Amino acid sequence: MRRQRRSRAPWRWAAAIGTVILVIFWIRHTQQVDYRHGGTTFGLVTGTIGLFLMLLLAFFGVRRRWYSSRLGTLEGWLQAHIWLGVLSILVVAFHTGFRFQDRVAVALLWVFGAVAVSGIIGAVLYSTVPRALTEVEGNLPGDAISDQINQLAKSMSRVASNKSEKFQAIYRAMEREVRPAPLAGWILMFRGRAGRTGPPPWSHLVESVPKSEQGELRQMILLSRQQKELHSTLRDQKRYRNLLEVWRLIHLPLSIALLLLLVAHVWGALRYASVPW
């Protein structure tokens, strides 16, 4: 925990110092010009800084998948992504001079706002979901849980083999009970965590099978209860992973759209002489 806090501190300070510097120069800028826009000296400087920050923020996606890179730690890049992203919001606002006229620039601003909002949501998810996953998984990742579920299913099948029709009917009902519904992992995103099951409701059926099979039915009921607990854990894992996946499916296309609009905005500024070269 201390190591994580140390990795956050430099980027928090960088964002804070950058904010103070920007505000000071913004106040001086407002005293020197009557019409503030992106084509002024201050606007060009903040625009260049904003361009650099956006490219740096976009590079985080590359760094996450560049496993052999020694260019900083992934945690350090994540903190830089968060805090420099916060700083970039202020940089972009000052670059515009709070005037919104050009259509491409306005579209860029809207997409940038959407990326910023989704980034904040992602920061919240990445600070809570891994911890929740750790609590759910314990020492068993998803593959190990699936293997255990399959082993329990095989054990139940062996216990139920060559038994009476009533025993077989109870076994089939137990199978249906733990069978996940279609898209269960996605549906659970809107219903909260899967509730832990209580004592299985099959105990009252023990006496409905022949006495010679009652001991084995009790054994199968115990296996079924263990299987339901594992299914519940697996559904919780799926829910948390799906939350992150949905966020990526929103944040990544928005980030790509932002970069494309950024290129169009820079090209338009150069092409139509908004920049006084």
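Numbering starts at 1 and runs along the sequence shown. As the structure is a prediction and not an experimental result, all values here were calculated from the model.
Judged by distance alone, the side chain of Gln168 and the main-chain N or O of Ala160 form a donor-acceptor pair under 3.5 Å. Distance alone, capped at 3.5 Å, places no donor-acceptor pair between the Glu213 side chain and the Phe167 backbone. Checking side-chain atoms of Thr48 against main-chain N and O of Leu44 turns up a donor-acceptor pair under 3.5 Å. Ser157 places no side-chain N or O within 3.5 Å of a backbone atom of Lys154 that could act as its donor or acceptor partner. Checking side-chain atoms of Trp247 against main-chain N and O of Ser118 turns up a donor-acceptor pair under 3.5 Å.
When every heavy atom of Gln227 is checked against every heavy atom of Ile149, the shortest pair comes out as NE2-O, 3.5 Å. Here the closest heavy-atom approach between residue Thr40 and residue His29 is recorded as OG1-CE1, 3.4 Å. Residues Leu55 and Leu259 come closest through the heavy atom pair CD2-CD2, 4.4 Å. The heavy-atom pair separating Leu217 from Leu205 by the smallest distance is CD2-O, 3.7 Å. Residues Leu108 and Leu262 share a closest heavy-atom pair of CD1-N, 3.8 Å. Leu57 and Ser88 get closest at one heavy-atom pair: CD1-OG, 3.9 Å.
The aromatic rings of Phe42 and Phe94 lie tilted to each other, with the angle between the two planes from 30° to 60°. Below 30°, between 30° and 60°, or above 60°: for His251 and His81 the angle between ring planes is above 60°, a perpendicular geometry.
In this structure, CG on Asn242 lies 10.0 Å from CG on Leu249, to the nearest 0.5 angstrom. Taking CD1 from Ile21 and CG from Leu87, the interatomic distance works out to 9.5 Å, rounded to the nearest 0.5 Å. Between Leu223 atom CG and Glu216 atom CD the span is 11.5 Å, to the nearest 0.5 Å. In this structure, CG in Leu51 is found 11.5 Å from OG1 in Thr46, a value given to the nearest 0.5 Å. The structure places CD of Gln226 at 10.0 Å from CE of Met156, a figure rounded to the nearest 0.5 Å. To the nearest 0.5 Å, the span separating NE2 on His265 from CG on Leu109 amounts to 9.5 Å.
Leu252 and Phe59 are not part of a single hydrophobic cluster, where members link through side-chain heavy atoms under 4.5 Å apart. No single ILVMFWY cluster, assembled from side-chain heavy atoms under 4.5 Å apart, contains both Leu260 and Leu254. Transitive grouping of hydrophobic side chains (ILVMFWY, heavy atoms separated by less than 4.5 Å) brings Leu84 and Phe52 into a common cluster. At a threshold of 4.5 Å between side-chain heavy atoms, the hydrophobic network of Ile, Leu, Val, Met, Phe, Trp and Tyr places Ile49 and Ile17 in one connected group. Follow the hydrophobic side-chain contacts under 4.5 Å out from Ile250 and you reach Trp110 in the same cluster.
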### Task
Give the C-alpha distance, both sets of side-chain angles, the deciding distance and a yes or no for side-chain contact (heavy atoms from CB on, under 4.5 Å) between Phe25 and Val45.
CA-CA 11 Å; Phe25 277 94; Val45 171; over 6 Å; no

### Task
Mind running side-chain contact (heavy atoms from CB on, under 4.5 Å) on Ile120 and Val86 for me, showing each step along the way?
CA-CA 9 Å; Ile120 293 171; Val86 173; 5.9 Å; no

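For the pair Ser208 and Ile170, the minimum side-chain heavy-atom distance is below 4.5 Å. Arg218 has its side chain out of reach of Leu222: every pair of non-hydrogen atoms, C-beta onward, lies at least 4.5 Å apart. With a 4.5 Å cut-off on side-chain heavy atoms, Met174 and Ile221 count as touching. The closest side-chain heavy-atom distance from Phe112 to Met54 is below 4.5 Å. In this structure, Ile82 and Trp11 have side chains that are not in contact, with every pair of non-hydrogen atoms separated by 4.5 Å or more.
The residues Glu165 and Arg172 are annotated as salt-bridged, a charged nitrogen and a carboxylate oxygen being separated by less than 4.0 angstrom.
When only modelled atom types and interatomic distance are considered, Ser161 and Arg158 share no side-chain donor-acceptor pair under 3.5 Å.
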